[in-house]
Amino acid sequence: MTATDSHEGTGRLAGKVAVITGAGSGIGRAAALLFAAEGAAVGVLDRDGAVAEETTAMVTAAGGRALALTADVSKAAQVTQAADAVAAEFGGIDVVYNNAGVDSRGSVAVAEEADWDRCFDVNVKGTYLMTQAALAHMGPGGSIINQGSVAALVGVMNFAAYCAAKGAVVALTRSMAVDLAGRGVRANVICPGTVYTPLMEPMLRARGDGDLDLGLQRTLVKYPIGRLGDVADIARVALFLASDEAAFMTGSVVAADGGMTAQ
Ligand code: ADP
């Protein structure tokens, strides 16, 4: 990388260091690319080291700075090691985007205990552990962004553990906001609506009784804006919350859902 193709020194996150969990794919990867393009050095954390390396290579190829980190956010020792590595490489941590997440299966009548525990471990405990590890390296001006979901705000069928876990992430965000305000750190939560990814196709097909287009139509009925989200829709909201443009926002629950929870 040369001085001329580096994003460093310019952009909405110039001079900041961000850690993004689950940055090996989907929203996390889009956020890593966007944050780096806006001047941040990015810790690209994923449980799957190969995809973390891939995102890191994409950031570097675009002229940004990134460090790949293999860690499971539900394991304290792993996230501490990752946060320490980012701080050692880039000199501190300014932004944490707790994006890593897993979904769940079934209504409360059939939800399985192991699935419930896994869902809470990654979505809720992972958010707590990663934030705690990063706070050891974070000063005033820091920003925590948590990934909630519309499932925290309305009941989504056959998704009991996920709804409960994302509800807990919203409550945890409010607790972070009041506890961390005194040290100049903000915490906000994004509640995305359904973001279209190829991984969703089986679910959409099932909703359409085997027909993908019908499943999509049935899902879109819930979205006044007439389309599902894409990863960039959510990454751009995270960028705003990460930046100093959002300096007066803390404890906010920001729906990015095409109006899904407005009706
Ligand atoms: P989305 O489209 O919402 O971003 P994805 O499933 O595409 O969802 O991405 C989630 C990412 O989070 C994946 O790269 C996955 O490996 C990562 N991930 C899942 N669980 C963990 C975990 N426990 N620790 C770290 N990363 C995780």
Side-chain angles (χ1 to χ4, degrees), residues 13 16-23 26-28 30-31 35 40 43 45 73-74 76 79 83 93-104 119-156 159-195 229 231 233-257 260-262:
L13 300 181
K16 292 191 190 286
V17 177
V19 177
I20 303 175
T21 68
I27 297 166
F35 284 23
L45 186 151
V73 293
S74 67
V79 292
I93 298 176
D94 304 289
V95 175
V96 178
Y97 184 12
N98 287 303
N99 159 78
V102 291
D103 61 12
S104 72
C119 188
F120 270 73
D121 271 359
V122 177
N123 295 314
V124 189
K125 188 178 173 188
T127 297
Y128 137 61
L129 289 175
M130 184 72 249
T131 303
Q132 185 173 77
L135 279 169
H137 306 284
M138 188 178 284
S143 173
I144 315 288
I145 303 142
N146 295 330
Q147 197 79 295
S149 167
V150 291
L153 309 175
V154 297
V156 176
F159 230 27
Y162 188 81
C163 290
K166 291 300 189 179
V169 170
V170 169
L172 176 59
T173 305
R174 292 194 176 109
S175 142
M176 288 179 179
V178 298
D179 285 339
L180 302 178
R183 50 198 283 179
V185 173
R186 300 179 294 106
N188 295 286
V189 57
I190 306 173
C191 289
T194 304
V195 170
V231 293
D233 286 322
I234 311 307
R236 282 192 294 263
V237 177
L239 168 65
F240 169 65
L241 293 172
S243 77
D244 297 335
E245 294 159 27
F248 198 52
M249 291 181 71
T250 195
S252 295
V253 182
V254 182
D257 67 354
M260 193 265 200
T261 55

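In this text, all values refer to a predicted model and were calculated from it rather than measured experimentally.
Residue pairs meeting the side chain to side chain donor-acceptor pair (under 3.5 Å) criterion with at least one member in residues 139-156, sequence neighbours excluded, are Tyr97-Gln147, Asn98-Asn146, Asn99-Gln147, Asn146-Thr173. Within the structure, every pair that satisfies the salt bridge (Lys or Arg N to Asp or Glu O under 4.0 Å) test and touches residues 235-245, not counting sequence neighbours, is listed here: Arg12-Glu245, Lys16-Asp244, Asp233-Arg236. Applying the ring pair (Phe, Tyr, Trp, His ring centres under 6.0 Å) test to pairs two or more places apart or on separate chains, none has a residue in residues 130-155. The salt bridge (Lys or Arg N to Asp or Glu O under 4.0 Å) pairs that include a residue from residues 160-187 number zero, where partners must be two or more places apart or lie in different chains.
Between the side chain of Asp257 and the main chain of Val150, no donor-acceptor pair closer than 3.5 Å is present. The closest donor-acceptor contact from the side chain of Asp121 to the backbone of Gly126 lies at 3.5 Å or more, if one exists at all. Side-chain atoms of Ser252 do not come within 3.5 Å of backbone N or O of Met249 as any donor-acceptor pair.
Within the model, atoms CZ of Phe35 and CG of Leu239 stand 6.0 Å from one another, a figure rounded to the nearest 0.5 Å. The CD1 atom of Ile190 sits 7.0 Å away from the CD1 atom of Ile234 when rounded to the nearest 0.5 Å. Remark: Gln132 CD to Met138 CE distance equals 12.5 Å, nearest 0.5 Å. In this structure, CG on Leu172 lies 10.0 Å from CD1 on Ile144, to the nearest 0.5 angstrom. Here the CG atom belonging to Asn188 is positioned 5.0 Å from the CG atom belonging to Leu241, to the nearest 0.5 angstrom.
Val95 and Ala242 make their closest contact through CG1-CB, 3.8 Å (heavy atoms, listed as atom of the first residue, atom of the second, distance). Residue Ala30 comes nearest to Val231 through the heavy atom pair CB-CG2, 3.7 Å, listed as atom of the first residue, atom of the second, then distance. Of all heavy-atom pairs between Leu153 and Val253, the closest is CD2-CG1, 4.2 Å. Closest approach of Val122 and Ala100 over heavy atoms only: CG1-O, 4.2 Å.
When the salt bridge (Lys or Arg N to Asp or Glu O under 4.0 Å) test is applied to Asp103, the partners found at least two apart in sequence or on another chain are Arg105. The ring pair (Phe, Tyr, Trp, His ring centres under 6.0 Å) search around Phe159 returns Tyr162, not counting sequence neighbours.
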